[in-house]
Amino acid sequence: MSKYMSKKYDSLEAYTPGEQPRNMEYIKLNTNESPYPPSESVIKAAEAAAGKLNLYSDPECRGLTEMMAGRYGLEYENVLMTNGSDEILNFAFMAFCDEKHPIVFPKETYGFYPVFAKLNGISYKEIPLAEDMTVDFRDYCGIGKNIVIANPNAPTGTAMSISAIDEIVKSNPKNVVIIDEAYVDFGAESCISLIKRSKNLLVTQTFSKSRSMAGARLGVGFADKELIADLNKIKYSTNPYNINRMTMAAGEAALADDGYYMDNCRKVEATRERTAAELKKMGFTMPDSKANFLFISSDKISGGELYERLREKGVLVRHFSKPSIENSVRVTIGTDEQMDIFLRAVSEIISR
Ligand SMILES: *Cc1c(COP(=O)(O)O)cnc(C)c1O
């Protein structure tokens, strides 16, 4: 840190993204990307938009915002498009939290939440998961603080029901409840339907996982009009042209091709169930996943060692050194072919 860096960031530990190797020497199962490419029309739309990069993009992102509202049965004013969902999450921390308005989230969850809190000088509390690694909604009912929960949760993959989320939202009317649905398209239930009768619910989603656009950076928030107006105030105070032209065009084309992406999600789900069954035969245990990854552990091998051995065999998975989860690794669901290579590698490693 230089002597010029503000002291207010002394205790800030930045988020560590999963490895992005420079060449394709690995089977990449470490950052929950889609193994399936964007559809042809998405590639064409991005290329066509590139010819107008001399012009600023539409700060309102009108076309895409209208399409998203239509896709989820909401109004235009209920939707805000952002530069990845990380951006809307940060906007929400900035808009709704401060020293006097802390936020709570599960102890084992998306590693960015504590980073956003520290970045913005917000106090936070972490609530341990239940014994079976699920998020117990009762821990959040009537808690009287802002709340962010990933549903399905990461890195565990478990999901809560809409009625559980409804209980959390209704029992905390003075606070904002953020439900991060980054993985909802892989078999969980979205709680977007609650927005019409909830003033205090923000639902975030992303095009990074189920819509094969991690590299384009496109996220979205759905909420009551007043919450969206608050978030727009933050957006227009930080980065009005937050979505570039190519991403905007690609996002519109992706929504027009919704069937292709939802079919890919069904493929990922089938591959996930098959992979889980094979791993269980080899003695692995894991929470029931509704996401595009499995969080696996075995008493035959530590999480750290499994990560290392897989890496030597050309398969990248994600290992977290946080003590409560250091015995597991998170494995993104790739294509069937990739998972066969992964399963063979695991089998060799544990039978050695
Ligand atoms: C991947 C992920 C996000 C953010 O993804 P973006 O690429 O910024 O849209 C948000 N929340 C969770 C839980 C994630 O895993």
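For the single chain, residues carry numbers from 1 onward in sequence order. All figures in this text were calculated on a predicted structure; none of them were measured in a lab. Ligands are counted one by one from 1 in listed order, and the atoms in each one are counted from 1 as well.
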Checking Ser85 now: which residues fulfil side chain to side chain donor-acceptor pair (under 3.5 Å) with it, not counting sequence neighbours?
none
Give the other cluster members for Tyr241, using side-chain heavy-atom distances under 4.5 Å between Ile, Leu, Val, Met, Phe, Trp and Tyr residues; answer none if it is isolated.
Tyr56
Hey, mind stepping through Glu308 and Arg311 against salt bridge (Lys or Arg N to Asp or Glu O under 4.0 Å) and telling me if it holds?
CA-CA 5 Å; Glu308 282 299 338; Arg311 197 187 155 86; 5.1 Å; no
Taken in chain and number order and not counting sequence neighbours, the residues that satisfy side chain to side chain donor-acceptor pair (under 3.5 Å) with Ser57 are none
Any donor-acceptor pair under 3.5 Å linking the side-chain atoms of Glu108 with those of Ser324?
yes
Does a side-chain N-to-carboxylate-O contact under 4.0 Å join Asp258 and Arg211?
yes
Under 4.0 Å from ligand 1 - residues by heavy atom, chain and number
Gly84, Ser85, Asp86, Tyr110, Asp180, Ala182, Tyr183, Thr206, Ser208, Lys209, Arg217
